[in-house]
Participant: 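Here it is: the structure, laid out below.
Chain identifiers are assigned alphabetically (A, B, ...) following the order of the sequence lines, protein sequences preceding nucleic acid strands; residue numbering begins at 1 within each chain.
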There are 2 protein chains.
Amino acid sequence: MTKTIASSRCHHNPQVSCGDCRLNAICLPISLHITDIDKLDEIIQRGRPLQKGEFLYRAGEPFQSVYAIRSGTIKSIRVTNDGLEQVTGFYLPGEIVGMDGLAQNQYSNSAMALETSAVCEIPFTRLEELSLQIPSLQRHFFQLMSKEITEDQQLITLLSKNSAEERVASLLLSISTRNANRQLSALEFRLPMSRADIGNYLGLTIETVSRVFSRFQKQDILSVDKKEISILDIDALRTAANAVTC
Amino acid sequence: MTKTIASSRCHHNPQVSCGDCRLNAICLPISLHITDIDKLDEIIQRGRPLQKGEFLYRAGEPFQSVYAIRSGTIKSIRVTNDGLEQVTGFYLPGEIVGMDGLAQNQYSNSAMALETSAVCEIPFTRLEELSLQIPSLQRHFFQLMSKEITEDQQLITLLSKNSAEERVASLLLSISTRNANRQLSALEFRLPMSRADIGNYLGLTIETVSRVFSRFQKQDILSVDKKEISILDIDALRTAANAVTC
DNA sequence: CGCGGAGTTGAAACGTCTCAATTGTAGTGG
DNA sequence: CCACTACAATTGAGACGTTTCAACTCCGCG
């Protein structure tokens with residue numbers, strides 16, 4: 001599925017407008033009237049899909065746009081002073097990435113495609129202008145940024161208070177929930193990211209992530225086949241996640 | 001100093017307008033023309049100072065305002081499902097707290113005064129209206145939220161990648177820098193928060209924080225007397241912090 | 001004076017990391 | 001089609017750093 005080339009029916013198809021996009025119930029247009037959606041459509045730019053490993057933008061580049069994910073998965077990464085990478089987020093279809101760039105007029109993260117991905121580019125100065133005309137858009141954007149803040153704080157709590165098992169379980173539940181919001185299966189899905197990305201995001205080593213997966217399999221909570229995940233006992237997974245219900 | 005009652009010269013004095021406030025070079029007004037500052041002033045509400053331990057707002061309360069700190073220190077805390085607290089931030093004079101509440105129209109954190117503190121309440125719906133009229137205010141607010149995001153991501157990186165010593169050193173450098181921005185000493189200051197708050201914020205136990213302070217003292221990097229901190233060797237402290245230059 | 005909270009210090013326990021070996025899988029070329 | 005390589009993932013054993021538990025000090029305050 002992720003390897004299909006762009007066609008009129010394909011997720012990566014660059015020709016779809018916001019009004020027709022199957023994600024418009026969860027993406028930016030959710031806040032807009034029909035007439036306003038067209039205005040939004042006019043400023044959105046849709047390019048060719050990104051291939052796995054390609055950068056959407058890199059840390060330090062001048063901030064110009066935020067991006068709505070249309071298909072695929074994007075990870076955002078910060079580079080620490082000593083050259084290590086820190087994965088700061090995974091962005092699935094319908095989600096917005098790039099808002100970290102506003103503060104300093106340059107991106108503080110890099111964004112990389114984890115698989116073939118299509119994005120809608122939203123030039124920020126034009127979005128700002130539009131926000132001055134459409135109060136509900138301004139509010140929605142404030143809310144989007146606030147949501148990013150609360151999600152980051154959830155991750156902070158996870159890193160600060162929770163064990164390896166709790167962290168991995170929380171991430172799986174988060175992905176499960178976000179899949180469900182997109183009408184996909186909450187119990188069976190393919191992880192778009194590697195064990196290394198998971199570990200990096202959760203503050204764990206690859207080996208620890210792997211061991212947790214193994215333990216969950218032995219407990220019949222999960223069935224894991226490489227990146228294919230089946231949640232066999234979601235209540236047990238919720239229990240294992242403790243605290244955080246993403 | 002922190003126990004002085006409000007007087008015309010006191011930091012906690014509720015009568016000061018934004019135009020006269022000694023923080024206006026680093027607070028919200030930084031983005032505004034003189035005429036616009038008056039408009040901002042009109043919507044800002046200043047109440048009596050909060051005493052140590054008092055809540056500015058509590059998680060779950062309906063979101064109505066963001067708050068600019070005028071004096072003192074506020075900590076924001078999330079409560080996890082299992083009842084533990086997670087400190088998500090410390091807010092010093094000139095900084096804005098409460099933006100996490102926007103996403104869900106209710107605060108996701110509680111905010112508590114760590115010492116006697118005065119705040120300027122900014123009703124959000126009025127700030128929104130004003131932002132529609134003053135583009136630079138809208139932009140500034142977007143930037144403020146973006147700044148909160150990048151700072152949270154810095155903390156995520158710190159928790160995920162850095163040792164106890166690096167975390168404590170980073171926090172001290174952050175406070176030092178923020179003090180310097182307010183024309184206070186970068187090398188000698190009083191920590192407004194307890195060891196418990198520091199540990200909680202940094203994902204460490206009280207004991208570990210205490211041990212790190214002791215080690216830094218033995219290395220002549222710091223002089224610690226309860227909450228009074230003197231940075232004796234800021235270069236060594238930067239080295240100890242590694243990576244993160246807050 | 002004695003109480004309680006905050007902070008410090010020590011010793012052992014614990015969980016994750018590190019290092020290393022092994023397996024499995026996808027991609028490449030003979 | 002199979003051998004070969006490169007990479008991702010798994011698994012084990014020991015090392016390491018932080019936590020836990022406990023005792024103790026310090027200080028403000030009734």
Side-chain angles (χ1 to χ4, degrees), chain A residues 2-3 51-53 73 75 82 84-87 112 114-116 158-172 190-219 222-229 240 242, chain B residues 2-3 52-53 73 75 82 84-87 112 114-115 158-172 190-219 222-229 240 242:
Chain A
T2 56
K3 297 202 173 170
Q51 296 304 310
K52 177 175 177 170
T73 312
K75 72 169 172 182
D82 38 357
L84 299 174
E85 288 191 353
Q86 171 68 42
V87 174
M112 180 192 279
L114 291 176
E115 55 189 331
T116 306
L158 198 66
L159 293 172
S160 180
K161 294 256 187 300
N162 295 104
S163 68
E165 295 204 355
E166 290 165 339
R167 296 184 207 180
V168 173
S170 295
L171 176 60
L172 291 176
R190 180 182 164 78
L191 290 176
M193 70 292 280
S194 68
R195 299 287 190 275
D197 286 329
I198 294 174
N200 191 316
Y201 178 69
L202 296 176
L204 302 168
T205 56
I206 298 178
E207 295 93 325
T208 300
V209 173
S210 181
R211 280 185 250 270
V212 171
F213 276 132
S214 298
R215 261 176 267 162
F216 282 163
Q217 281 202 96
K218 284 200 188 99
Q219 299 171 266
L222 295 181
S223 165
V224 182
D225 176 20
K226 264 198 67 83
K227 295 188 172 176
E228 297 292 339
I229 302 286
N242 204 19
Chain B
T2 57
K3 299 204 172 168
K52 177 176 178 171
T73 312
K75 72 169 173 182
D82 40 357
L84 299 175
E85 287 191 353
Q86 171 68 42
V87 174
M112 181 192 279
L114 291 175
E115 54 189 332
L158 198 66
L159 293 173
S160 180
K161 295 257 186 299
N162 294 104
S163 68
E165 294 203 356
E166 290 165 338
R167 297 184 206 180
V168 173
S170 295
L171 176 61
L172 291 176
R190 180 183 163 78
L191 290 176
M193 70 292 280
S194 68
R195 300 287 190 276
D197 285 329
I198 294 174
N200 191 315
Y201 178 70
L202 295 175
L204 303 168
T205 57
I206 299 179
E207 295 94 325
T208 300
V209 174
S210 181
R211 280 186 251 268
V212 171
F213 275 132
S214 298
R215 261 176 267 162
F216 282 163
Q217 280 201 96
K218 283 198 190 103
Q219 297 172 267
L222 294 181
S223 164
V224 183
D225 176 20
K226 262 192 73 81
K227 296 188 171 175
E228 297 293 338
I229 302 287
N242 205 19

Participant: Taking atom P of C:dT8 as reference, at what distance in whole Å does atom NZ of B:Lys227 sit?
Facilitator: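 Checked: the NZ to P distance equals 11 Å.
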Participant: Taking all non-hydrogen atoms of both residues, which atom of A:Asp197 and which atom of A:Lys75 are closest, and how far apart?
Facilitator: OD1-NZ, 2.8 Å
Participant: What's the CG-P distance between B:Leu191 and C:dG7, to the nearest Å?
Facilitator: 10 Å
Participant: If I compare all heavy atoms of B:Leu114 with all of B:Pro192, which pair ends up nearest, and what's the gap?
Facilitator: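 Taking B:Leu114 first and B:Pro192 second, the nearest heavy atoms are CB-O, 3.7 Å.
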Participant: Whole-Å distance between D:dT11 P and A:Phe213 CZ?
Facilitator: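 Checked: the CZ to P distance equals 12 Å.
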Participant: In whole angstrom, give the distance that lies between atom CD1 of B:Ile198 and atom C1' of C:dA6.
Facilitator: 12 Å
Participant: I'd like to know if the side chain of B:Asn162 pairs up with that of B:Asn242 as donor and acceptor (distance under 3.5 Å, no hydrogens or angles considered).
Facilitator: no
Participant: Taking 4.0 angstrom as the limit, do A:Glu228 and A:Arg190 come out as a salt bridge?
Facilitator: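 Between A:Arg190 and A:Glu228 there is a salt bridge, with a charged N closer than 4.0 Å to a carboxylate O.
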Participant: In this structure, how many angstroms lie between the P atom of D:dG17 and the NZ atom of B:Lys161, rounded?
Facilitator: 18 Å
Participant: In whole angstroms, how far is the C1' atom of D:dT10 from the NZ atom of A:Lys218?
Facilitator: 10 Å
Participant: Quick one: pull up CD in B:Gln217 and CD1 in B:Ile229 and give me the separation to the nearest 0.5 Å.
Facilitator: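 Answer rounded to 0.5 Å: 8.0 Å.
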Participant: Specify the closest pair of heavy atoms between A:Arg195 and A:Val209, including all atoms of both residues, with the distance to one decimal.
Facilitator: CD-CG1, 3.9 Å
Participant: Between protein and nucleotides 20-26 of chain C, map the contacts as a letter string: B base, S sugar-phosphate only, - none, heavy atoms under 4.0 Å, written 5' to 3'.
Facilitator: B------
Participant: Taking only N/O atoms, report every protein-nucleotides 11-16 of chain C pair under 3.5 Å with atom names and distance.
Facilitator:
unit_1: C:dT16; atom_1: OP1; unit_2: A:Ala164; atom_2: N; d: 2.8

Participant: Here's a test for you: under side-chain contact (heavy atoms from CB on, under 4.5 Å), which of A:Leu84, A:Asp82, A:Leu159 qualifies with B:Lys161?
Facilitator: A:Leu84
Participant: Is a donor on one side and an acceptor on the other found under 3.5 Å between the side chain of B:Glu165 and the backbone of B:Ala240?
Facilitator: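 No: the side chain of B:Glu165 does not pair with the backbone of B:Ala240.
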Participant: Would you name the heavy atoms of B:Thr208 and B:Ala164 that are closest together and state the gap between them?
Facilitator: CG2-CB, 3.6 Å
Participant: Does the A:Gln86 side chain pair with the main chain of A:Asn200, one donor and one acceptor, at a distance under 3.5 Å?
Facilitator: yes
Participant: Taking CZ from A:Arg190 and P from D:dA8, how many angstroms apart are they, rounded to a whole number?
Facilitator: 14 Å
Participant: Tell me the closest heavy-atom pair linking B:Leu204 and B:Arg167, and the distance in Å.
Facilitator: CD2-NH1, 3.7 Å
Participant: Could you tell me how far apart A:Glu228 (CD) and D:dA9 (P) are, to the nearest whole angstrom?
Facilitator: 13 Å
Participant: Using five pairs at each end of the helix from C:dC1-D:dG30 to C:dG30-D:dC1 to define an axis, what is the angle between those two axes, to 10°?
Facilitator: 30°
